[in-house]
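Okay, so here's the structure we're looking at.
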There are 2 protein chains.
Amino acid sequence: MSTKQEKEFLKNYNIHDYDVPLTSVDIVIFSIRNEQVNVLIFKRNDFPYKDNWAIPGGFINIKRDKNIEQTALRKLKEKTGYTAPYLEQLGATGNNKRDPRGWSVTVTYFALVNAEEVELDEDTLWCPLDNDGHITQSKLAFDHSELIKEAFQRLRSKAQYTTIALHVLPEKFTLSELQKCFEIILGGKLNKSGFRRRITKGNVVEEIKGESKQTTTRMAQLYRKSGNEELHFYMREIYAR
Amino acid sequence: MSTKQEKEFLKNYNIHDYDVPLTSVDIVIFSIRNEQVNVLIFKRNDFPYKDNWAIPGGFINIKRDKNIEQTALRKLKEKTGYTAPYLEQLGATGNNKRDPRGWSVTVTYFALVNAEEVELDEDTLWCPLDNDGHITQSKLAFDHSELIKEAFQRLRSKAQYTTIALHVLPEKFTLSELQKCFEIILGGKLNKSGFRRRITKGNVVEEIKGESKQTTTRMAQLYRKSGNEELHFYMREIYAR
DNA sequence: CTTTTATGGTGTACTAAATACCCTATTGTG
DNA sequence: CACAATAGGGTATTTAGTACACCATAAAAG
């Protein structure tokens, strides 16, 4: 397939001969803390936007990373220690405005983690989002506030027809805790028995026989995730009011 | 905000000092012909994969393109003449294997067009897909077969809960023609009266008063798209068997 | 030690929006 | 003129939600 001419072409090909955009990976890391959706941000150490808050990310290391998902996982691991989180690509954003260094493309991922299992570095913090996915704290570097908002919209939308909220919980949890997570993400109340039917009917959680958790009132049955798939998809959206 | 130090940094910043990936945009253009989903492919004129079939695409022109969607629209217009098609970003694919020139990231878009309104250039053709989204003709350059398959899965999935199939039809169409398009995309038969209720209930199509179309049997009412949104989203998926 | 209260857990009536199946109308064709 | 084929639409059934009521249980209050 590969002709002599083609080999010649590839030998002479040098990307540095062309005007190319910057290409980076950013990652919106979600968790739930104090009954709010939170996002992990850190204070930048380098130009541009030095000393501003931003979401984790950076350039693809074309020596070390085999693919872009690996770049995202590497960044996530650096900031949270997580190696197997829920991770989904949100999409690419690219234009000539978003980075002062020039034309820039970023591939954004979002991850769900359990806040209890993350140890924060210095200059790293959880920042709560309001009901529209706006970050309530400081203004962020680049277009990161916009990326967070888009990721939040995707998260909320997916919570309506999948089991995505499972991924912010620890290994063991009660159904009320799970419902609470859905309600926080969806921004409204869910019907209890409808929710429990929906969750227990599919093969998405299983009782941990004999284990229950002390709450403020009566004991609650503990569950764990079951099924192998990352997400279970429902035929209908759930209704939060 | 912008300090002297930062200005200095930006002045000295040169992307050519770094090892960066190639970044391109590819576009999967769908239409329906002969009761099959088709994809537009063309014969490559340049290395690598010269003389192989591929989907349209290319590098971002950082002088002319303001953002990646513009790059995609530019490529689409070159091949089809369309300036306002249904266009959606599928996502980014990036790894060190897909392009012989080196580490490569591509942002894939997919578009829906009406085949009748496209004039094919030389070295350009419509190629039908089988029921799994596999291209039935030749092997394609790069990982383009894989990109097509992923785009087709997204298209089929969206046809289950949105009005996406509207975008492969001409301005005027009958409900039977619309149903046929959905069936082709979904790969199964739909229930007629259920389908008509679903379509006519939302504000997605409107009768063209007094206009009807001759079919092989009785006259059929003509409709046009209505509503301003690109897509209408339903709460439930439709069921094709 | 009893009562209150908050939450855990479940059952039932109602409802929305599908599917499944049926019927009638219209027009070209043998 | 009967018949085939598609347009167009009606109704019963099913599915999976919402709304709401009810009992259980353990901590806290009196």
Side-chain angles (χ1 to χ4, degrees), chain A residues 35 159-163 165 169 172-184 186-224 232-241, chain B residues 35 157 159-163 165 169 172-184 186-223 232-241:
Chain A
E35 314 224 328
Q160 291 174 340
Y161 61 93
T162 72
T163 51
L169 288 167
K172 300 175 181 184
F173 52 86
T174 69
L175 292 186
S176 294
E177 287 165 350
L178 180 58
Q179 181 172 347
K180 193 80 205 168
C181 287
F182 270 100
E183 289 175 342
I184 291 163
L186 292 168
K189 288 277 175 205
L190 295 176
N191 174 270
K192 184 163 58 169
S193 76
F195 177 78
R196 289 170 110 93
R197 200 176 336 101
R198 186 172 165 111
I199 293 295
T200 50
K201 209 166 183 178
N203 182 34
V204 296
V205 297
E206 58 190 34
E207 273 186 34
I208 308 175
K209 290 263 191 291
E211 284 198 56
S212 50
K213 180 174 177 174
Q214 192 58 276
T215 67
T216 56
T217 63
R218 86 183 247 201
M219 304 285 275
Q221 175 63 49
L222 281 171
Y223 287 79
R224 69 162 69 88
H232 178 81
F233 288 76
Y234 293 101
M235 293 283 285
R236 286 207 205 176
E237 291 181 10
I238 201 166
Y239 189 50
R241 51 170 70 267
Chain B
E35 314 224 328
S157 153
Q160 291 174 339
Y161 60 92
T162 73
T163 51
L169 288 167
K172 300 174 181 183
F173 52 86
T174 68
L175 292 186
S176 293
E177 286 165 352
L178 180 58
Q179 181 172 346
K180 193 78 206 169
C181 286
F182 270 99
E183 289 175 343
I184 291 164
L186 292 168
K189 288 278 176 204
L190 296 176
N191 174 270
K192 185 162 58 170
S193 76
F195 176 77
R196 289 170 111 93
R197 201 180 332 101
R198 186 171 165 113
I199 293 295
T200 52
K201 209 167 185 179
N203 183 33
V204 297
V205 297
E206 59 190 32
E207 274 187 30
I208 308 176
K209 290 261 192 295
E211 284 197 56
S212 50
K213 181 174 176 175
Q214 191 59 274
T215 67
T216 56
T217 64
R218 85 185 247 200
M219 304 286 276
Q221 176 63 49
L222 280 171
Y223 288 79
H232 178 81
F233 288 76
Y234 294 100
M235 293 282 285
R236 286 207 204 174
E237 293 181 9
I238 201 166
Y239 188 51
R241 54 169 70 267

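The chains referred to below are lettered A, B, ... by the order of the sequence lines, with proteins before strands, and numbering in each begins at 1. Note that the structure is predicted; figures quoted are calculated from it, not measured.
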Per-nucleotide protein contact string for nucleotides 8-17 of chain D, where B marks a base within reach and S marks sugar-phosphate only (heavy atoms under 4.0 Å, - for neither): BBBB---BBB
Please name all residues satisfying salt bridge (charged side-chain N to carboxylate O under 4.0 Å, His left out) with B:Lys192, sequence neighbours left out, ordered by chain then number. none
Whole Å only: how far is the CG atom of B:Leu186 from the P atom of C:dA18? 14 Å
For A:Leu190 and D:dA19, what is the distance between atoms CG and P respectively, to the nearest whole Å? 11 Å
Salt bridge (Lys or Arg N to Asp or Glu O under 4.0 Å) contacts touching residues 232-241 of chain A (sequence neighbours left out): none
Just jot down the salt bridge (charged side-chain N to carboxylate O under 4.0 Å, His left out) partners of B:Glu206, sequence neighbours excluded, or say none. B:Arg224
Could you pull out every donor-acceptor pair under 3.5 Å between side chains of residues 174-181 of chain A and any protein atom, sequence neighbours left out?
from, atom 1, to, atom 2, distance (Å)
A:Thr174, OG1, A:Glu177, N, 3.1
A:Glu177, OE1, A:Thr174, N, 2.9
A:Glu177, OE2, A:Lys213, NZ, 2.3
A:Gln179, NE2, A:Glu183, OE2, 3.1
A:Gln179, NE2, A:Leu190, O, 3.1

Using the 3.5 Å cut-off, write out each protein N or O paired with an N or O of nucleotides 1-3 of chain C and the distance between them.
none

Rounded interatomic separation in angstrom, taking CD from B:Glu183 and C1' from D:dT6: 13 Å
With sequence neighbours left out, what residues match B:Phe182 under ring-ring contact (aromatic ring centres under 6.0 Å, His included)? B:Phe195
Taking side-chain hydrogen bond (donor to acceptor under 3.5 Å, both in side chains) as the definition, give me every residue that meets it alongside B:Lys172, ordered by chain and number, with sequence neighbours left out. B:Glu211
To the nearest 0.5 Å, tell me how far B:Thr162 OG1 sits from B:Gln160 CD. 9.5 Å
Listed partners of B:Tyr234 passing ring-ring contact (aromatic ring centres under 6.0 Å, His included), at least two apart: B:His232
